[in-house]
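First the structure, in the form of structure tokens, and then the observations on it.
If you're wondering where the values come from, they're calculated on a predicted model, not measured in any experiment. Only heavy atoms go into these numbers, but all of them, side chains included; no hydrogens, no water, no symmetry mates.
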Amino acid sequence: MTLRRVNVVILVLLAVAFLIIVQRNLLSLSDFLRKENSDLRPETVRKGEEIPVLITAAEDRLGAVVAAMNSVYQNSKANVAFTIVTLNDTVDHLKVWLSKTKLNNINYKIVIFEPELLNGKVSKDPQTFEAVKPLTFARFYLPVYIPEAEKAIYLDDDVIVQGDIQELYETSLKPGHAAAFSDDCDSASAKGIVRGAGNQNNYIGFLDFKKEAIKKLGMRANTCSFNPGVIIANLTEWRNQNITRQLEHWMQLNTQHELYSKTLAESITTPPLLIVFYKRHSAIDPMWHIRHLGTTGAGNRYSPQFVKAAKLLHWNGHYKPWGRTSSFSDVWDKWFVPDPTGKFHPVRRHTGDK
């Protein structure tokens with residue numbers, strides 16, 4: 001009897017142990033499946049005022065767009081609504097990238113830029129025309145692409161947002177101002193002035209003050225310029241003042257009279273904006289637009305501590321963070337989401353990436 005009881009007890013203990021092991025394995029499996037599916041799981045809908053953000057998506061820079069959008073989304077709980085302006089041949093690739101990765105929860109719409117909009121507004125000179133990137137002019141048409149909004153943010157694709165976009169959106173614009181920009185003479189970016197290509201921190205670096213059309217405006221040549229890579233726009237004022245038509249006017253006039261500076265090193269979208277918004281724009285907090293990370297010597301210009309504290313980083317210049325020679329590419333890498341189609345790869349030193 002005693003031996004039989006012992007055997008029964010042992011069998012019961014073994015059964016209990018078996019059940020415990022099975023339960024633990026099931027829990028582990030459940031955790032694993034939950035983790036595997038976390039990127040594709042429906043997310044709680046974000047509430048609050050919608051924050052419209054416009055960004056452009058060129059096929060050869062889709063990795064930049066994805067990283068920028070991811071940084072905005074992950075660093076804010078705000079109800080961000082992206083408007084992505086692109087060309088027809090990029091739509092399918094972009095949709096796959098956004099739907100097959102953790103970005104599938106992002107609120108976005110895709111609109112097509114019609115290059116015909118630029119007919120008669122950019123030079124037909126073959127040398128100049130090669131430099132024209134149609135999507136860079138999308139910012140001129142903000143109210144067209146976001147017709148329902150009263151306020152919006154425009155971002156270049158070569159930025160990373162480290163702060164809460166809600167804070168940038170709440171930037172106060174002065175009465176009558178249709179936009180806010182970062183002045184190139186602000187304290188945080190004064191160290192980042194581009195050298196060797198004219199005075200790129202003031203108006204004379206962008207406009208030819210010998211031309212009669214520019215003289216008539218009465219602008220001071222040494223006025224501090226601004227960078228249009230980040231724009232907070234009051235779209236109501238933009239519409240009321242017909243800003244888009246004003247910008248198109250100066251684009252057309254330039255094709256006839258070559259009003260832009262010959263030393264111009266920046267995008268040809270900047271000069272019309274400088275004219276239209278001369279002394280009629282508000283300022284963005286300097287830490288919300290730290291620039292020139294894509295220019296020579298950026299690694300020495302800013303300390304790692306300063307870059308970490310910045311709310312928004314902008315790799316304007318020739319050296320992009322998805323390229324081989326950029327400064328602070330490790331910061332950009334944190335927000336990059338690999339291309340599920342395998343077409344886009346950041347170029348890195350000492351790696352097999354292509």
Side-chain angles (χ1 to χ4, degrees), residues 46 49-59 61-73 75-76 78-88 90-91 94-95 97-98 103 106-115 117-118 133-161 163-171 173 177-182 226-239 241 243-244 247-248 267 269-270 272-273 276-277 281-282 284 288-289 311-316 335:
R46 298 185 180 207
E49 181 184 9
E50 188 169 275
I51 298 178
V53 175
L54 186 140
I55 193 166
T56 60
E59 177 65 31
R61 296 164 66 111
L62 276 191
V65 180
V66 165
M69 291 175 63
N70 188 38
S71 71
V72 170
Y73 189 73
N75 284 310
S76 178
N79 182 17
V80 182
F82 291 97
T83 295
I84 309 169
V85 183
T86 189
L87 301 174
N88 271 316
T90 303
V91 173
L94 178 61
K95 284 183 175 178
W97 206 328
L98 294 176
L103 302 176
I106 285 179
N107 176 14
Y108 71 91
K109 67 177 180 180
I110 296 174
V111 296
I112 305 301
F113 184 85
E114 302 293 345
L117 275 174
L118 303 181
K133 295 177 174 59
L135 290 173
T136 64
F137 293 95
R139 73 196 85 186
F140 289 10
Y141 300 92
L142 281 167
V144 176
Y145 296 128
I146 314 176
E148 69 285 353
E150 294 182 4
K151 191 176 184 181
I153 295 172
Y154 166 83
L155 297 176
D156 271 357
D157 59 5
D158 52 354
V159 307
I160 289 295
V161 174
D164 187 342
I165 198 77
Q166 178 89 42
E167 182 184 331
L168 180 62
Y169 184 72
E170 291 173 355
T171 296
L173 275 67
H177 285 180
F181 304 93
S182 292
F226 54 77
N227 185 297
V230 176
I231 305 172
I232 297 108
N234 179 332
L235 297 182
T236 302
E237 283 291 344
W238 196 293
R239 296 183 188 97
Q241 298 178 31
I243 296 295
T244 297
L247 293 168
E248 289 180 328
S267 165
T269 56
T270 302
L273 288 162
V276 172
F277 288 102
H281 67 276
S282 298
I284 293 174
W288 265 104
H289 195 180
K311 302 290 183 68
L312 185 149
L313 301 168
H314 188 183
W315 279 264
N316 59 311
W335 304 105

About how many Å separate NE2 of His289 and CD1 of Ile232, when rounded to the nearest 0.5 Å? 10.0 Å
Looking at every heavy atom in both Phe277 and Ala178, which two are closest together, and how far apart are they? CE2-CB, 4.0 Å
Does any non-hydrogen side-chain atom of Asp158 lie less than 4.5 Å from one of His314? yes
Find out whether Pro52 and Leu142 are in side-chain contact, i.e. whether some heavy atom of one side chain is under 4.5 Å from a heavy atom of the other. no
Quick one: does any side-chain atom of Ser71 pair with a main-chain N or O of Val161 as donor and acceptor, under 3.5 Å? yes
Applying side-chain contact (heavy atoms from CB on, under 4.5 Å), run through Val85 and Tyr154 and close with a yes or a no. CA-CA 11 Å; Val85 183; Tyr154 166 83; over 6 Å; no
Counting N and O atoms only, with roles assigned by atom type, does the side chain of Asn70 sit under 3.5 Å from a partner on the main chain of Trp335, one being a donor and the other an acceptor? yes
Leu155 CG to Ile55 CD1 distance, which is reported to the nearest 0.5 Å: 5.5 Å
Derivation of the side-chain contact (heavy atoms from CB on, under 4.5 Å) call for Thr56 and Thr136: CA-CA 8 Å; Thr56 60; Thr136 64; over 6 Å; no
Heavy-atom closest pair, residues Ala57 and Leu62: CB-CD2, 3.7 Å
Tyr73 vs Asn75, side chain to side chain donor-acceptor pair (under 3.5 Å): CA-CA, chis, key distance, verdict: CA-CA 6 Å; Tyr73 189 73; Asn75 284 310; over 6 Å; no
Counting C-beta onward and ignoring hydrogens, is there a side-chain heavy-atom pair between Leu247 and Phe137 closer than 4.5 Å? no
Arg239 side chain to Pro147 main-chain N or O, any donor-acceptor pair under 3.5 Å? yes
Geometric class of the His281/Phe181 ring pair [parallel <30°, tilted 30-60°, perpendicular >60°]: perpendicular
Given Asp156 and Asn316, is the side-chain contact (heavy atoms from CB on, under 4.5 Å) satisfied, shown in steps? CA-CA 9 Å; Asp156 271 357; Asn316 59 311; 5.8 Å; no
How far apart are the closest heavy atoms of Ala138 and Tyr145, and which atoms are they? O-CE1, 3.8 Å
Residues Thr244 and Trp238: side-chain donor-acceptor under 3.5 angstrom: yes
With side chains defined as the heavy atoms from C-beta onward, is the minimum distance between Leu103 and Met69 less than 4.5 Å? no
State, with a plain yes or no, whether a side-chain heavy atom of Val230 is found less than 4.5 Å away from one of Leu168. yes
Quick one: pull up CD1 in Ile165 and CD1 in Ile153 and give me the separation to the nearest 0.5 Å. 4.0 Å
Look at atom NZ of Lys109 and say whether more than 12 heavy atoms of other residues, nucleotides or ligands are closer to it than 6.0 Å. yes
Could you tell me the separation between the NZ atom of Lys133 and the CG atom of Leu118, rounded to the nearest 0.5 Å? 13.5 Å
Please step through side-chain contact (heavy atoms from CB on, under 4.5 Å) for the pair His177 and Asn234, ending with a clear verdict. CA-CA 7 Å; His177 285 180; Asn234 179 332; over 6 Å; no
I'd like to know if the side chain of Arg139 reaches the main chain of Pro228, judged simply by a donor and an acceptor atom lying under 3.5 Å from each other, with no hydrogens or angles considered. yes
Is the shortest side-chain heavy-atom distance between Thr269 and Phe140 below 4.5 Å? yes
Does the Thr171 side chain pair with the main chain of Ile284, one donor and one acceptor, at a distance under 3.5 Å? no
Is it true that atom CD of Glu150 has more than 12 heavy atoms of other residues, nucleotides or ligands lying nearer than 6.0 Å? no
Close side-chain approach of Leu173 and Glu237, heavy atoms under 4.5 Å: no
Distance check, rounded to the nearest 0.5 Å: Asp157 atom CG versus Ile84 atom CD1? 11.5 Å
Establish, from distance only, whether the side-chain atoms of Glu248 and Tyr141 form a donor-acceptor pair under 3.5 Å. yes
Is there side-chain contact between Leu87 and Phe113, with heavy atoms separated by less than 4.5 Å? yes
With rounding to the nearest 0.5 Å, note down the distance linking NZ in Lys151 to CD1 in Ile146. 13.0 Å
